[in-house]
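Notes follow the structure.
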Amino acid sequence: MHWLPARCRQYTNPVFNIIYIERQVADHARTREICARFPNATRVECDRYGEVFNPKSQNFRLQKRSPSLILAEKHKGRVLQAPDGYGLGGNRNYYFSHMLNCLYDCRYCFLQGMYRSAHYVLFVNYEDFENDMGTLLAQADNEPCWFFSGYDCDSLAMEPVSAFVQHFMPFFSRHPQAHIELRTKSTQIRGLLKMTPIPNAVIAFSFTPEEMYRTLEHKVPTLERRLQAMLQLQQAGWQLGLRFDPLIYQHGYQAQYRRLFQQLFSQLDNEQLHSVSLGTFRLPRSYFRNIVQLYPDEPLFAGAFSTDNGMISYPQAVEQEMTAFCTRELLQHIPESLLFPCTLAA
Amino acid sequence: MINLVVALPAEARPLMARYRLTDKTTLGGFRIYRNAGMSLIISGPGKIAAAAATALLAGCNAAGEQAAWLNIGIAGHATHATGESLLVHRITDHATGKSWYPPQLFDLATTTASLLTVDRPEESYPQEVAYDMEASGYYAVAARFSSTELVQCFKVVSDNREHSSAAITAESCAQLVTQSLDEIDPLLDALSALARDQDRWHAAPAGLEQLARQWHFTVSQQHQLAELARRWKVLVPDQPLWLNAFDNSKKAAEVLQCLQQHLDALAPGPLQAIHEPRV
């Protein structure tokens, strides 16, 4: 089989055989830096990234075997209002994505259903994102603003390529009114460990129990490695978050989640935990249909789901049972003030 | 199934010999040569002919079967040497400016290049790209029938600034393709593997056809049945799609209800199944 060789499957340091570059960013400094990391990659110019990323007849599952990199400029919609119910206590909540698509391959992830292509799109115009954040901060008139990263990608996984944290953290250091959540499953924390921790940043790690991780979270670092990364960050003084989202149901889930919580909270220092959140598994119906078409053989999607208001989820009784159980278990480890259940409207 | 779209008989001959494509038919003026797993159509020159031939071949494919596509032919290039093989990573139609980007999933020795499809033979090669006359027509149509990872374009440089296209003969054309067969083989292997994977993922469980024949399912019910069959294949993988309770079912709706209840009772415990990480 002539797939890209094993070295390319070290997902901490991806290698690209093709880099697509929008003509207008061909001479951008960040483009040049990134291309210099991959001197053997073929560079293919395009007018707009959508020409490569958007065509209908693409198969996300097949492309996930060997995604290419697309370097582009994000022209608009760079920093968007977060949905109601999404937040950590603030009133002004925004999300932004410097990148589309994730290094990892979690089978429950909505990205598989939302995007046709598995190529990574990296928007190199970071400064424009910062300008937009600055505008929102000015409008907020000193009221705290939360900026959530990690919606369309993992915040840290591609750091060696994107230098995302390296660039953006100084901005948040200069704007203490601006809070950032970096949601991740990655152990790429070298950059953070080199920086002085800032109080308005939360590094939020996502977890599922070991049994589910092994079956569903492909290419993700092990639970133990992520925990070790958290401990290193905690020791360095960073605020941490724990994200149990989505909660995945299977027979025996209670013992599995109980074990997970025990493993995490027995080692993490609650005093340095910023927040813990949990959310149930749900997908827009159209995304679910797309994902099932890609993975008709996936056991996760063979279960009984409910449809309500265009969203696929576990039956309500199952959702409620899981949420109640996990909440009870978590409150044995943390005070209620740290817990933020995700209550996204359908 | 592998579908080869080739413009010229001289390009086709080495492929027919290599892959023993001996079964010949003629449809709509196009000659098609086949073996059990591969079809080759000779389109004639030009992108409209290539588009028509591609559409015809797509229509000949068995319903539901995943097909991989490969356009093979000669092309000019400003600087690449004659005889060099190129796997195309961008196809641009000169007349419209539209471009397509065949995803490059394979680690092959073949150089990749951009290709410009022109309406007249190129003689001055102004851009650093390959030049042909068929690829945009072929690709635009093939990509409607298969996912683009399965639609690829392979060219052999036949002319450049040093060697005019006027010197190309049928014999030299056939020779160029023959010399590239060792690079075409692994590409076809890789494409076949992708198509087979897709076939395996989407294969219906045993018994579905019989079930569908035994009761009259409306279109909506057929969709429901397909979805339940998908779940059956995951939850009850080693058994054909049948329940004893169906014997008592007079209507398709009863069959669906019975099947749904059975599957819902099994799930949601499906993650108990141990699976190796998939690609």
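Proteins come first, then strands; the chains are lettered A, B, ... in the order of their sequence lines, and each starts at number 1. Computation of the quantities below employed the complete heavy-atom set of this structure, encompassing side-chain atoms and omitting hydrogens, waters and symmetry-equivalent molecules. Keep in mind the model is a prediction, meaning the values are calculated, not measured.
For the pair A/F301 and B/R231, the tightest heavy-atom approach, listed with the atom from each and the gap, is O-CG, 4.4 Å. Closest approach of A/S57 to B/S146, counting heavy atoms only: CB-O, 3.9 Å. Nearest heavy-atom pair across B/L105 and A/S66 is CD2-O, 3.6 Å. Across A/P299 and B/V234, no two heavy atoms sit closer than the pair CA-CG1, 3.5 Å. Taking each heavy atom of B/D264 and A/A304 in turn, the nearest pair found is OD1-CB, 3.4 Å. When all heavy atoms are compared, the tightest approach of B/L235 to A/A302 is CD1-O, 3.5 Å.
Here the side chains of B/W100 and A/P55 are not in contact, with every heavy-atom distance at 4.5 Å or above. A/V292 places a side-chain heavy atom less than 4.5 Å from the side chain of B/R230. For the pair A/Q293 and B/H202, the minimum side-chain heavy-atom distance is below 4.5 Å.
Heavy-atom distances place the side chain of A/Y20, and not its backbone, under 4.5 Å from chain B. Contacts between A/P296 and chain B at a heavy-atom distance below 4.5 Å involve backbone atoms as well as side-chain atoms. Neither the backbone nor the side chain of B/T92 comes within less than 4.5 Å of any heavy atom in chain A. For B/Q198, the part sitting under 4.5 Å from any heavy atom of chain A is the side chain, from C-beta outward, and nothing else.
Within 6.0 Å of CD on A/Q316 lie no more than 12 heavy atoms contributed by other residues, nucleotides or ligands.
Annotation: the span from B/E149 atom CD to A/S117 atom OG amounts to 8.0 Å, rounded to 0.5 Å. Going from atom CD of B/Q104 over to atom CD of A/Q63 covers 10.5 Å, rounded to the nearest 0.5 Å.
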**OP:** Run the numbers on B/D107 and A/N17 for side chain to side chain contact (heavy atoms under 4.5 Å, CB included), then give the verdict.
**Re:** CA-CA 8 Å; B/D107 183 24; A/N17 59 340; over 6 Å; no
**OP:** Give the C-alpha distance, both sets of side-chain angles, the deciding distance and a yes or no for salt bridge (charged side-chain N to carboxylate O under 4.0 Å, His left out) between A/R65 and B/D197.
**Re:** CA-CA 12 Å; A/R65 296 182 181 190; B/D197 280 345; 2.7 Å; yes
**OP:** Just do the side chain to side chain contact (heavy atoms under 4.5 Å, CB included) check on B/K233 and A/D297 with the steps written out, would you?
**Re:** CA-CA 7 Å; B/K233 198 176 154 195; A/D297 48 345; 5.9 Å; no
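Judged as a side-chain hydrogen bond (donor to acceptor under 3.5 Å, both in side chains), and not counting sequence neighbours, B/E65 has no contacts.
Screening residues 88-97 of chain B for salt bridge (Lys or Arg N to Asp or Glu O under 4.0 Å) gives B/K47-B/D93 as the qualifying pairs, with residues at least two apart or on separate chains.
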